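In each ligand, atom 1 is the first atom listed, and ligand 1 is the first ligand listed. Quick caveat, the model's predicted, so the values are computed rather than measured.
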Amino acid sequence: MEARDILVHACCGPCSTASIERLLEDGWNPVLYFSNSNIFPQEEAERRYEALLQVAHSYQLQVIHERYDHESWLQSIQGHEMEKEGGLRCEKCFAYNLSQAAAKAQALGFSHFTTTLTVSRFKNSKLIFAVGQQLEGFECIDFKKKGGFEKSVQLSKELGIYRQQYCGCEFSMH
Ligand code: SF4
């Protein structure tokens with residue numbers, strides 16, 4: 001691995017667009033990692049993965065796909081199903097996905113990893129950082145800064161990719 005190689009937990013195609021641009025500008029070599037067992041139903045996870053592949057193709061980046069295991073994710077948030085969005089359920093959800101990314105980074109020899117989750121203006125970057133910093137190699141990058149969210153909307157429109165209407169789990173469907 002090169003010093004600036006970074007494994008990027010990619011939650012979806014739209015959030016990845018602006019994150020990739022920012023990482024490239026900052027001199028990183030991103031490899032994308034799709035590990036999102038929180039997404040329900042599985043067909044929706046596959047749809048988001050397809051959008052990510054379109055993004056990866058346009059930037060010529062590699063994507064690693066993790067096995068989908070929604071049952072295991074459900075166990076990790078057990079007891080917090082009915083919390084409102086942004087609460088403890090989401091904190092546990094971040095911890096689940098970021099732990100998977102940390103383990104994958106370690107297994108593949110990446111010294112750094114991060115997540116595209118901070119692009120969304122609906123997500124608390126400080127909470128994501130607090131969870132991530134408990135894991136070795138996590139880089140706190142706030143992708144919604146420098147107009148990241150607006151850029152993600154614009155870039156995903158330009159690419160014509162699918163943009164989801166809810167965060168991901170069954171409890172976030174409105
Ligand atoms: S609302 Fe989003 S972040 Fe929160 S638990 Fe559901 S999928 Fe995870």
Side-chain angles (χ1 to χ4, degrees), residues 6-20 22-23 30 32-56 63-105 113-135 137-145 148-153 155-156 161-174:
I6 188 165
L7 189 72
V8 183
H9 165 254
C11 58
C12 63
C15 290
S16 299
T17 55
S19 306
I20 291 168
R22 169 90 179 268
L23 288 165
L32 306 173
Y33 178 55
F34 190 83
S35 176
N36 299 296
S37 292
N38 52 309
I39 301 171
F40 182 85
Q42 187 168 5
E43 293 69 34
E44 174 69 17
E46 281 162 14
R47 204 172 171 196
R48 295 187 195 189
Y49 176 59
E50 289 302 318
L52 180 67
L53 287 182
Q54 285 178 258
V55 173
V63 186
I64 298 166
H65 186 277
E66 193 54 77
R67 194 172 67 87
Y68 178 80
D69 187 355
H70 192 61
E71 282 307 312
S72 158
W73 180 84
L74 280 171
Q75 280 171 22
S76 78
I77 59 103
Q78 201 168 28
H80 305 287
E81 291 85 347
M82 294 307 149
E83 291 249 352
K84 66 176 168 47
E85 205 162 321
L88 200 51
R89 184 187 73 237
C90 299
E91 187 176 335
K92 293 200 169 283
C93 177
F94 300 151
Y96 183 93
N97 284 342
L98 293 183
S99 297
Q100 294 239 311
K104 184 58 82 175
F113 79 99
T114 192
T115 177
T116 63
L117 285 167
T118 60
V119 168
S120 170
R121 59 181 175 197
F122 304 110
K123 290 210 173 59
N124 180 345
S125 299
K126 280 191 185 144
L127 178 59
I128 294 166
F129 293 159
V131 172
Q133 279 174 317
Q134 294 175 37
L135 300 160
F138 183 74
E139 293 288 329
C140 294
I141 308 173
D142 198 348
F143 289 112
K144 66 168 76 55
K145 292 268 170 72
F149 177 75
E150 295 74 13
K151 200 183 251 188
S152 76
V153 174
L155 289 169
S156 35
I161 56 169
Y162 167 64
R163 189 178 192 92
Q164 64 271 7
Q165 297 301 312
Y166 65 102
C167 184
C169 65
E170 52 271 63
F171 313 109
S172 64
M173 290 171 159
H174 303 298

Atom indices of ligand 1 within 4.0 angstrom of Trp73 heavy atoms, with elements: 5 (S)
Arg48 vs Glu44, salt bridge (Lys or Arg N to Asp or Glu O under 4.0 Å): CA-CA, chis, key distance, verdict: CA-CA 6 Å; Arg48 295 187 195 189; Glu44 174 69 17; 2.8 Å; yes
Ser152 (side chain) donor-acceptor with Ala18 (main chain) under 3.5 angstrom: no
Parallel, tilted or perpendicular, as decided by the 30° and 60° cut-offs, for the rings of His65 and Phe34: parallel
Protein contact to atom 8 (Fe) of ligand 1 [nearest heavy atom, distance to 0.1 Å]: Cys93 SG, 2.4 Å
Atom indices of ligand 1 within 4.0 angstrom of Asn38 heavy atoms, with elements: 7 (S)
Minimal non-hydrogen separation, Glu139 against Thr114, with atom names: O-OG1, 2.9 Å
Element-labelled atoms of ligand 1 that are located less than 4.0 Å from some non-hydrogen atom of Phe94: 3 (S)
Tyr166 touching ligand 1 at heavy-atom level, < 4.0 angstrom: no
Atom indices of ligand 1, in the order listed, that fall short of 4.0 Å to a heavy atom of Cys169: 1 (S), 5 (S), 6 (Fe), 7 (S)
Protein heavy atom at shortest distance from atom 2 (Fe) of ligand 1: Cys167 SG, 2.3 Å
Atom indices of ligand 1 within 4.0 angstrom of Ser172 heavy atoms, with elements: 1 (S)
Contact flag Cys90/atom 4 (Fe) of ligand 1, N/O/S atoms, threshold under 2.8 Å: yes
Test side-chain contact (heavy atoms from CB on, under 4.5 Å) applied to Lys123 and Cys167, step by step: CA-CA 10 Å; Lys123 290 210 173 59; Cys167 184; 3.3 Å; yes
Flag for Glu91-His80: side-chain donor and acceptor within less than 3.5 Å: no
Distance from atom 5 (S) of ligand 1 to nearest protein heavy atom, with residue and atom: Arg89 NE, 3.3 Å
Main-chain N/O of Cys11 paired to Thr116 side chain as donor or acceptor, under 3.5 Å: yes
Phe122 touching ligand 1 at heavy-atom level, < 4.0 angstrom: no
Donor on one side chain, acceptor on other, Ser125 and Lys144, under 3.5 Å: yes
